Colleague: 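For reference, the structure I am asking about is given below.
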Amino acid sequence: WIGASPGNGTEDKYHKNNLRDTIIFVPSSINYQKSVEFVFFFHGLGGFGRHDFNIRIANNIKHLKSQKRNFILIIPEMPWSANTSTPKGRQKLAWSGIEGTEDFQTFYQCVMITINAIFSPVIFTHKNTITLIGHSAGGGALKQAALSGALDFVKPDKIVFSDADYVNYTSSVWDNYIKNNPNCELLLLVRKGDKPYKKTMKFLRQFKKKRPKTIKLKVFPRNYSHKNIGDECIKWSNI
């Protein structure tokens, strides 16, 4: 399903279509009689273009299937997508809490209604899980969702920062959601030496030798690029 969903840029004057799209992918192998993992992917600057679909999304869907994950993938187009005139800005806008246009709680509720109406033959009855993944600038979307209070409503089970901490994004999500929801897993994927790595290590130093077991860190070597991490971050979200 591809279309405009309330909560995610249904009015966007900086987009070539004056609104942003959302993709909902449901594999034919979905089993509604089991727990379903809802995977939300927030792309980075200039994303939601040809590369994202031909390489990044297609390959990650293959990885999700190979991992036998019973999943539904949701990809909202961010205010910094390849289809906007602001591909390097508006990081503070996404999920900022503006009702009906940039509100993650509204978006989540409307996505679930769409899934039940179009894809699911039955109302979900099992305990499902929610994974939020932000790559690069997508970390800003995670931060804004936490600051707006939307995560308290959505209650994600796992949050993944994919080389994505540039302005204390991780600490904001920790302080405004995870700290008070200790069962939520936090996965930090970083390339050694870059700014997200430095911000992430600074965040982790507060725990000293008592880092919670729910926080996992994977450091990639220098020959593994920022783009490489983004291309495979959905796959790595299962470690």
Side-chain angles (χ1 to χ4, degrees), residues 1-5 7-9 12 15-17 19-31 36-84 87-88 90-91 94-95 104 107-108 110-112 114-115 118-120 128-142 145 154 156-164 187 189-191 196 218 220 224-239:
W1 181 90
I2 301 176
S5 182
N8 183 46
D12 190 337
H15 194 285
K16 65 180 182 180
N17 296 325
L19 55 81
R20 301 197 304 274
D21 282 321
T22 292
I23 297 172
I24 301 175
F25 176 83
V26 180
S28 58
S29 58
I30 189 79
N31 185 344
V36 175
E37 179 185 9
F38 295 90
V39 181
F40 290 78
F41 176 67
F42 306 151
H43 64 76
L45 296 181
F48 214 78
R50 182 175 296 177
H51 171 80
D52 271 12
F53 298 118
N54 291 353
I55 304 297
R56 183 163 292 172
I57 302 306
N59 284 346
N60 275 291
I61 286 173
K62 292 179 181 178
H63 288 310
L64 288 169
K65 288 184 175 181
S66 68
Q67 294 169 345
K68 306 298 182 183
R69 290 161 75 174
N70 196 41
F71 72 96
I72 294 176
L73 180 62
I74 302 102
I75 311 167
E77 184 175 11
M78 297 283 94
W80 47 80
S81 84
N83 304 306
T84 69
K88 293 186 178 181
R90 298 201 288 169
Q91 285 95 321
W95 314 139
F104 188 58
F107 175 72
Y108 171 80
C110 291
V111 161
M112 292 302 164
T114 299
I115 290 171
I118 297 176
F119 295 105
S120 176
N128 301 308
T129 61
I130 299 170
T131 299
L132 306 183
I133 304 171
H135 174 64
S136 196
L142 292 172
V154 175
D157 301 277
K158 179 182 288 187
I159 296 176
V160 181
F161 280 85
S162 170
D163 218 25
L187 175 59
L189 308 174
V190 290
R191 180 177 183 243
K218 183 172 180 60
F220 295 87
Y224 205 90
S225 71
H226 178 73
K227 174 181 169 297
N228 290 149
I229 297 174
D231 288 348
E232 298 186 354
C233 62
I234 299 179
K235 176 188 77 171
W236 289 114
S237 67
N238 201 35
I239 64 174

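Computed from a predicted structure; not experimentally measured.
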Colleague: Is there a side-chain contact between E77 and N83 in this structure, where contact means two heavy atoms from C-beta onward sitting under 4.5 Å apart?
Modeller: yes

Colleague: How far does NZ of K235 sit from SG of C233, to the nearest 0.5 angstrom?
Modeller: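 Rounded to the nearest 0.5 Å, the NZ-SG separation comes out at 10.5 Å.
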
Colleague: Between S5 and N8, is there a donor-acceptor pair closer than 3.5 Å when you use the side chain of the first and the backbone of the second?
Modeller: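 Checking the backbone N and O of N8 against the side chain of S5, no donor-acceptor pair under 3.5 Å is found.
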
Colleague: Quick one: which of Y108, F107, F40 gives a ring pair (Phe, Tyr, Trp, His ring centres under 6.0 Å) with W95?
Modeller: F107

Colleague: When rounded to the nearest 0.5 angstrom, what is the spacing between CD1 in I234 and OG1 in T131?
Modeller: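 Reported to 0.5 Å precision, the distance equals 10.5 Å.
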
Colleague: Among side-chain atoms of N60 and E232, is any donor-acceptor pair under 3.5 angstrom?
Modeller: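 Absent: no donor and acceptor within the cut-off.
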
Colleague: Test the K88-W80 pair against the cation-pi criterion, namely NZ or CZ under 6.0 angstrom from the six-membered ring centroid and within 45° of the ring axis.
Modeller: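 That pair does not qualify as a cation-pi contact.
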
Colleague: Nearest 0.5 Å, please: how far is CZ in F71 from CD1 in I61?
Modeller: 6.0 Å

Colleague: State whether the side chain of N128 and the backbone N or O of V36 hold a donor-acceptor pair below 3.5 Å, judged by distance alone.
Modeller: yes

Colleague: Kindly give the heavy-atom pair with the smallest separation between A164 and S136, and that separation in Å.
Modeller: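 Scanning both residues, the minimum pair turns out to be CB-O, 3.3 Å.
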
Colleague: In Å, rounded to the nearest 0.5 Å, how long is the span from CG of L19 to CG of D21?
Modeller: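 CG of D21 is found 6.5 Å from CG of L19.
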
Colleague: Say you draw a straight line from CZ of R90 to CE of M78; how long is it, rounded to the nearest 0.5 Å?
Modeller: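 Answer rounded to 0.5 Å: 10.5 Å.
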
Colleague: Rounded to the nearest 0.5 Å, how far apart are CD1 of I72 and CZ of F25?
Modeller: 10.5 Å

Colleague: Classify the side-chain pair H43/S81 by whether it contains a donor and acceptor separated by less than 3.5 Å.
Modeller: no

Colleague: Does the salt bridge (charged side-chain N to carboxylate O under 4.0 Å, His left out) test come out yes or no for R191 and D163, once each step is laid out?
Modeller: CA-CA 7 Å; R191 180 177 183 243; D163 218 25; over 6 Å; no

Colleague: I need the single residue from L142, L189, V190 that forms a side-chain contact (heavy atoms from CB on, under 4.5 Å) with F161. Which is it?
Modeller: L142

Colleague: Would you say the side chains of R69 and S237 form a donor-acceptor pair under 3.5 Å?
Modeller: yes

Colleague: How about W1 and I115: do any of their side-chain heavy atoms sit closer than 4.5 Å?
Modeller: no

Colleague: Assess whether side-chain contact (heavy atoms from CB on, under 4.5 Å) is satisfied between F42 and I75, documenting all intermediate values.
Modeller: CA-CA 6 Å; F42 306 151; I75 311 167; over 6 Å; no

